[in-house]
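Beneath this line is the structure, given in structure tokens, with notes to follow.
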Protein chains: 2
Amino acid sequence: MPVSRQRRATLPDVAALAGVSTAAAGRALGGYGSVSEDVKRRVLDAAEKLNYRTNRLAASVRTGRTDTIGVICADIESPFFARALRGISDVAHSHGFSTLVTNSDEDLTSERNAVQLLLDKQVDGIICAPADVRQVAHLAQAQSSGTPVVLFDRMSDELDADAVIVDGAKAAYQAVSRLIALGHRRIAIVTELRQPREQDWAAYLTRGSEPSLGTLSPSEARLLGYLRAHWDAGVPVRRELVRRTGAYEADSAYKQMKRALALKRPPTAVFLVDNLMTVGAYHAIRDSGIAVPRELSVVAFDDLDWSVLVSPALTVIAQPVYEMGAEAARRLVARIGDRGAPAPGPTFMDVTLIERESTAPPPD
Amino acid sequence: MPVSRQRRATLPDVAALAGVSTAAAGRALGGYGSVSEDVKRRVLDAAEKLNYRTNRLAASVRTGRTDTIGVICADIESPFFARALRGISDVAHSHGFSTLVTNSDEDLTSERNAVQLLLDKQVDGIICAPADVRQVAHLAQAQSSGTPVVLFDRMSDELDADAVIVDGAKAAYQAVSRLIALGHRRIAIVTELRQPREQDWAAYLTRGSEPSLGTLSPSEARLLGYLRAHWDAGVPVRRELVRRTGAYEADSAYKQMKRALALKRPPTAVFLVDNLMTVGAYHAIRDSGIAVPRELSVVAFDDLDWSVLVSPALTVIAQPVYEMGAEAARRLVARIGDRGAPAPGPTFMDVTLIERESTAPPPD
DNA sequence: CTGAAAGCGCTTACAG
DNA sequence: CTGAAAGCGCTTACAG
């Protein structure tokens, strides 16, 4: 026997009580058109009395705007996206937009569904970290149907859109070059390279090839930087030191790190490609009783809460994650406001190599 | 000179191409009412040809349902909410609901605004971690206007709603009792107690008082458990060991921990009330060069990625965070489906004390 | 099963 | 400034 809820007051209700037309009431409440002070006061009074609230859905059907932006995270749970999400939502809110958040889990099908859902819900724009930078037709379609898209954390040569990213190749190059400068010659990398084609990374990331960032996933870009640092320094790349998990999983990173450490000639340094790889690999290092940095130097991508809490404190490449989210939202808001806006393109954010205690020259 | 975007096809467009009425087209596409196979086929063909997609906003205006649930996080960036959010959105999605995510930053005004926004957007239900369990009139109003609310991580005696929580008092009692059993007598607690009234915690959390969980914030509940463990074991509570930051900030926790360690008679154990307190306090412990657990035992609330990566690995109270989010979503979906559903109330989730390396008997 | 019409709750031209 | 009317894109009774 559900309690009969009283119907929510509508605009005609308010208009009637105020003794004006629906149109006038709408103008008084909606901030469009113009109304006399007198009408405005009466309408506001009536609205208050009836506890009236605009049905924004109905308004959206009419205006075509929802004041909502859709966000497609690749992993809503990672500290990276959680922080970026805050940057996005802070900026979005300050411009009057809400955020509809979805999660692709790096899965292309989920991402396509998410895009459809967001379009069906008439979002004004989309921020997306594409699961596959080479499969973005669904995003192109969103754009051509009038919903602007801003890529986040990844860019694609096949989409003429704004993108807010870090140059992963450059960042990795910087980190690995530093390890080489310290004297390391056997540097491992732990990375997911989860796409099938990435299994054969050596085939297309060969020396002399100059792949564009817009064709690489973050992992690939970082691998490329790792390789280039070796090439430029004349240090040979050892295939057995490139530890591929094939999945974005800490457990797999644990195993790969263990295997690297069990090599006949183990690495003297390791580059951990992202947060989850770091969690797994660091765990393996700890379990192995290896002394960091005496026996093994460690550099990780992303500066996290606990980077300074472990012993020794981790040397990291820090991305301006919050700012990246904020900037993505700013770009999107600008493009929503003016669809004929200046040519879209990538915005590169700077990273910082923070040297702490986990890096040192190799043992003799 | 913006490219003129072609108008998105509407239901009448599809109907015209299929040679049927708008109503029939709607029935064929929307899965309501009944249509002949022939009509269905023609409509589906036409829809495909026109690249038609239902405008869910328009449908929602008519049906009154949006298939969207609103979520109000207290801190979208904390690992706790990030993981809970995943539980929520996984379950919501599997039931056909999207999630509109907002952030209150533990601020009551932001929370009130968020509730209004969600209601204006006609969400079908709300999951909220209320900033103040004693100030929930806005949530009561949402419920009475027909939008069910499920409380998350906190419950309130002033709201007759479902709630998915952990008994923080019981959990803290368990942790602190374990420290006492190990022989500790000087146990510090680092906690935010950020509400003004909590400054004078001793005044209402006095011995013999039996405050209900539904009147306490998580911090207060955990403090209560801390106190009760002392009372029951006959161990006196030392006011100087209750370190209040007054804010949910790692930096403040750092300072409070430093002060505790600088006491003439420093604690031999510390109970860290949540993730952010742990980050700050643990940092302080590390900087002080105190040996854990030899000189100081540590128990923290929440099991995090890095709990096992620090040395020594942290003893923690683990909450089933993902499951809490999932359960909250399940409760809400059930209540949306049947508003006259069984009496609402709290669901208590079990915690687990995981003893690792950071706890031991006190030094003699 | 099918269609013409009304309606969800707004906003937008259009006259006055 | 103001109101009557039309319209946003759907879904829902209501007849047939």
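Side chains are part of it too, since the values below use all heavy atoms of this structure and drop only hydrogens, waters and symmetry mates. In the text below, chain A, chain B and the rest are named by the order of the sequence lines, each starting its count at 1.
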Counting any heavy atom closer than 4.0 Å, what does B/Ala24 reach on the DNA or RNA strands: base, sugar-phosphate only, or nothing?
-> sugar-phosphate

Could you point out which residue of A/Thr66, A/Thr147, A/Thr68 forms a side-chain hydrogen bond (donor to acceptor under 3.5 Å, both in side chains) with A/Asp124?
-> A/Thr66

Taking the side chain as every heavy atom from C-beta outward, state whether B/Arg154 and B/Ser217 have any atom pair closer than 4.5 Å.
-> no

Using a heavy-atom cut-off of under 4.0 Å over every strand shown, decide if A/Ser34 touches base, sugar-phosphate, or nothing.
-> base

Contact boundaries on DNA chain D for chain B, cut-off under 4.0 Å to non-hydrogen atoms = D/dG9 to D/dA13

For B/Gly19 and for B/Arg62, find the nucleotide of DNA chain C with the closest heavy atom, then tell me which residue's nucleotide is more 5'.
-> B/Gly19

Should D/dC1 form a Watson-Crick or G-U wobble pair with both distances under 3.5 Å, which nucleotide is its partner?
-> C/dG16

Under a 4.5 Å cut-off applied to non-hydrogen side-chain atoms, are A/Pro148 and A/Ile336 in contact?
-> yes

How about A/Arg86 and B/Asp75: do any of their side-chain heavy atoms sit closer than 4.5 Å?
-> yes

Across the strands shown, which category fits B/Val61 at heavy-atom distances under 4.0 angstrom: base, sugar-phosphate, nothing?
-> base

Output yes when B/Arg330 and B/Glu327 qualify as a salt bridge under the 4.0 Å nitrogen-oxygen rule, no when they do not.
-> yes

Just checking B/Ala59: base, sugar-phosphate only, or nothing, at a heavy-atom cut-off of under 4.0 Å?
-> sugar-phosphate

Give the C-alpha distance, both sets of side-chain angles, the deciding distance and a yes or no for side chain to side chain contact (heavy atoms under 4.5 Å, CB included) between A/Ile69 and A/Val150.
-> CA-CA 11 Å; A/Ile69 68 180; A/Val150 172; over 6 Å; no

With DNA chain C as reference, determine whether A/Arg27 or A/Pro12 sits nearer its 5' end, using the nearest nucleotide of each.
-> A/Pro12

